[in-house]
Amino acid sequence: MRIVSGEEMYEADRFAMEEIGIAGAMLMENAGKSIFEAMKSKLRKNERIALLIGTGNNGGDGIVLGRYLKEFGFDVDLWLIPPQFKVKGDAKTHLDIYQNLTYTWEAYEDGKAFIDTLPQYGVIIDCLLGLGLSGAVRPPYDDVIRQVNSSSATVLSVDLPSGLQADGGYDERCEPIRADYTYTIQCPKIGAFLYPDADFYGEREVVDIGLPQAGFSSCDRVIWEKSDVHRTLSNRSASSHKGSHGKGLVIGGSRGMVGAPIMTAKAAYRSGAGLIQASVPEEILSVTSGTVVETIFQGWPSNSGFFSGEISEDLAPFDGIAVGPGLGRKSGCKQIVETTLTTDSLLILDADALYHLSELKERLKIRKAPTVLTPHPGEMARLTGLSIKEVQSKRFDISRAFAKEFGVYLVLKGPYTIVTAPDGSQYVNTTGNPALAKGGSGDVLTGMILAFVMHSTSIQEGISNAVYLHGQSADTLVQTAHSTLDVLATDVIATIPTVLHSFLKQHHG
């Protein structure tokens, strides 16, 4: 499913009308009727409904919705917030149809009648602004929004909660509608995947109104869905051996951070890696050896519990190398990162490797082999020189620009993790929950990515599947025997087999 900007949505509308020949009034009719069909199960005929209408296409969709609600016997009052003369174009066409059926509407005017009547409604439907907002919310819409948010009614928004912009960019000076449900037209909008905007959407449902897919050909942002995992997740063939599924190397660990590479190695094995070696500072080798009995542990030269910088073996035989979990920030650790950047193996950089990379990132441009970076917002801020707030408000744009400039696969972690390929295409993950906001979660994900990229036909598919299944493991834990408070990273590792079993059983059963 595509994720679109406001501009891309307008372009799809234009394409449908001007190049395909679908009349705007017909698109509005389709939208209003489709929203009615999606929404009606949430509505009861004995409950009063207020339907709030603005001037643009969002208001026009709402007028059609109001007509269907009336036709099917719902107790709905249509409130026209702007003066009637401001309703133009296709929206005016549908207001005329509405009135020709002798249906009446309420005029907002000075707002007094609206404010007096509002407490009587159990449901409020928001068709005020939609995609049409640019800049601050102006009167009287700002006051209407405040009144709606102070109401105890269930609030349903059409396309996006009024007061938000399609591409995100929440402005704390402008209070948006706080919806319980949002019925998004045709495609989810970028802002629904950015915080704090996403908090205002409530539950989201995408409503297909029949816009031609050809109108979205320029959009390369998609949600990586369960069906995509089913389509791309491969099981082992009968003739496979450990070499068929990748020989991986995990480089990390230091005094005080012994557990990180252990979790990465174990997660890689649980995710299908054929063979994993973990290279750690020699001073902690005795502590790590035997913790994952399937893993080959090697001690590399170290100083005071941190890598001293020398790599004592050939890295060429490894299909994939993951550097960073528990690595530390000493100069020898930076030297390790520098050396791995010169290899011809697929390279995954996480945690402290990303800290060091901020001074080495130009070297990414001359690497021939694929590189995967897995920053959280703070690490991304350091890599780009931006503030965390800037990174979070423009996650899509900043991810794409960085991935294209440096030729990397970028995994920007957080709610709705974005995987961006070197060509700029983006894949958004919707699994996971706050249980993953805990130490060790990133180490587990690094191991899963290492395994999946080694045994997948496409690097992007491998990364996206790892991110999806990492989140799904946390979701499974919270849906069964855990809460978001108590889940440990090791619990996530332990749940990977259950999640993989459910997918592969369905896929091959």
Side-chain angles (χ1 to χ4, degrees), residues 1-40 51 53-72 78 80 82 84-101 103 105 125-134 156-160 162 164-167 182-192 204-223 225 227 424-426:
M1 181 182 293
R2 288 184 172 93
I3 299 167
V4 300
S5 66
E7 185 178 334
E8 288 163 343
M9 194 67 197
Y10 280 126
E11 170 57 23
D13 277 338
R14 186 206 63 77
F15 178 84
M17 291 186 285
E18 296 180 13
E19 298 192 33
I20 303 300
I22 303 174
M26 182 183 290
L27 285 177
M28 199 168 276
E29 176 72 20
N30 290 350
K33 183 178 181 184
S34 300
I35 292 159
F36 168 73
E37 293 294 341
M39 191 181 280
K40 65 183 180 182
L51 176 54
I53 302 297
T55 57
N57 287 346
N58 197 244
D61 296 342
I63 293 166
V64 177
L65 169 62
R67 195 179 84 230
Y68 279 95
L69 289 167
K70 292 277 193 187
E71 289 284 315
F72 282 83
L78 189 150
L80 192 60
Q84 184 180 358
F85 73 85
K86 289 194 173 181
V87 180
K88 297 176 181 176
D90 297 324
K92 182 181 184 301
T93 298
H94 282 290
L95 185 58
D96 291 343
I97 293 169
Y98 184 87
Q99 292 177 141
N100 290 342
L101 288 165
Y103 293 141
W105 49 269
I125 302 175
D126 157 34
C127 293
L128 291 170
L129 299 172
L131 289 181
L133 177 66
S134 60
L156 313 180
S157 285
V158 171
D159 210 18
L160 63 158
S162 290
L164 293 176
Q165 301 198 35
D167 298 353
T182 298
Y183 295 84
T184 298
I185 292 173
Q186 197 67 42
C187 297
K189 313 305 182 290
I190 288 173
R204 279 189 295 109
E205 181 175 337
V206 177
V207 179
D208 188 339
I209 67 165
L211 283 173
Q213 288 302 306
F216 297 97
S217 58
S218 65
C219 175
D220 57 1
R221 283 174 235 95
V222 298
I223 296 173
E225 299 181 278
S227 59
S425 56
Q426 297 184 301

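Side chains included, hydrogens not; waters and symmetry mates left out as well; all remaining heavy atoms used.
Taken to the nearest 0.5 Å, the CD1 atom of Ile97 stands 10.5 Å off from the NZ atom of Lys92. In this structure, the separation between CD1 on Ile63 and OH on Tyr103 is 14.5 Å, given to the nearest 0.5 Å.
Minimum heavy-atom separation, Gly424 to Gln426: O-CG, 3.4 Å. Nearest heavy atom pair, residue Leu128 against residue Ser162, reads CB-OG, 3.2 Å. Here the shortest heavy-atom pairing between Asn30 and Ser34 reads O-OG, 2.7 Å. For the pair Thr55 and Ala91, the tightest heavy-atom approach, listed with the atom from each and the gap, is O-CB, 4.0 Å. Of all the heavy atoms in Asp61 and Ala31, the pair that sits closest is OD1-CB, 3.6 Å. The minimum heavy-atom distance linking Pro212 with Ile20 is given by the pair CG-CG1, 4.2 Å.
Looking only at distances, no side-chain donor or acceptor of Asn57 sits under 3.5 Å from a matching main-chain atom of Met28. A donor-acceptor pair is defined here as one N or O able to donate and one able to accept, closer than 3.5 Å; no such pair exists between the side chain of Arg204 and the backbone of Pro188. Judged purely by atom type and a 3.5 angstrom limit, Asp167 has no side-chain atom pairing as donor or acceptor with the backbone of Ile190. In this structure a side-chain-to-backbone donor-acceptor pair under 3.5 Å is present from His94 to Ala25.
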message: Determine whether Leu65 and Met39 satisfy the following criterion, side chain to side chain contact (heavy atoms under 4.5 Å, CB included), listing intermediate values before the conclusion.
response: CA-CA 10 Å; Leu65 169 62; Met39 191 181 280; 4.1 Å; yes

task: Give the intermediate values and the outcome of salt bridge (charged side-chain N to carboxylate O under 4.0 Å, His left out) for residues Lys33 and Glu71.
output: CA-CA 11 Å; Lys33 183 178 181 184; Glu71 289 284 315; over 6 Å; no

query: Is there a side chain to side chain contact (heavy atoms under 4.5 Å, CB included) between Lys70 and Tyr98 once you walk through the steps?
result: CA-CA 10 Å; Lys70 292 277 193 187; Tyr98 184 87; 3.3 Å; yes

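Between Glu11 and Phe216, the closest side-chain pair of non-hydrogen atoms is not below 4.5 Å. Using a 4.5 Å heavy-atom cutoff, the side chains of Asn58 and Leu129 are not in contact. Within the 4.5 Å cutoff, the side chain of Gln84 has heavy atoms near those of the Leu95 side chain. Within the 4.5 Å cutoff, no side-chain heavy atoms of Ile35 are placed close to those of Asp159. Side-chain contact between Asp208 and Gln186 is present, with at least one heavy-atom pair separated by less than 4.5 Å. Between Phe36 and Arg67, every side-chain heavy-atom pair lies at or beyond the 4.5 Å cut-off.
A salt bridge links Arg221 with Glu8: the distance from a Lys NZ or Arg NE/NH1/NH2 to an Asp or Glu carboxylate oxygen falls below 4.0 Å.
In this structure, the side chain to side chain contact (heavy atoms under 4.5 Å, CB included) partners of Leu27, at least two apart in sequence or on a different chain, are Asp13, Ala16, Met17, Ile22, Leu211.
Within 6.0 Å of the CD atom in Glu7, the count of heavy atoms belonging to other residues, nucleotides or ligands does not exceed 12. Around the NZ atom of Lys40, the shell of radius 6.0 Å holds more than 12 heavy atoms that belong to other residues, nucleotides or ligands.
Side-chain N/O atoms of Asp126 and Ser157 include a donor and acceptor closer than 3.5 Å.
Results of the side chain to side chain contact (heavy atoms under 4.5 Å, CB included) test with Lys189 over Thr182, Leu164, Ile3, Leu131 single out Leu131 as the only residue that passes.
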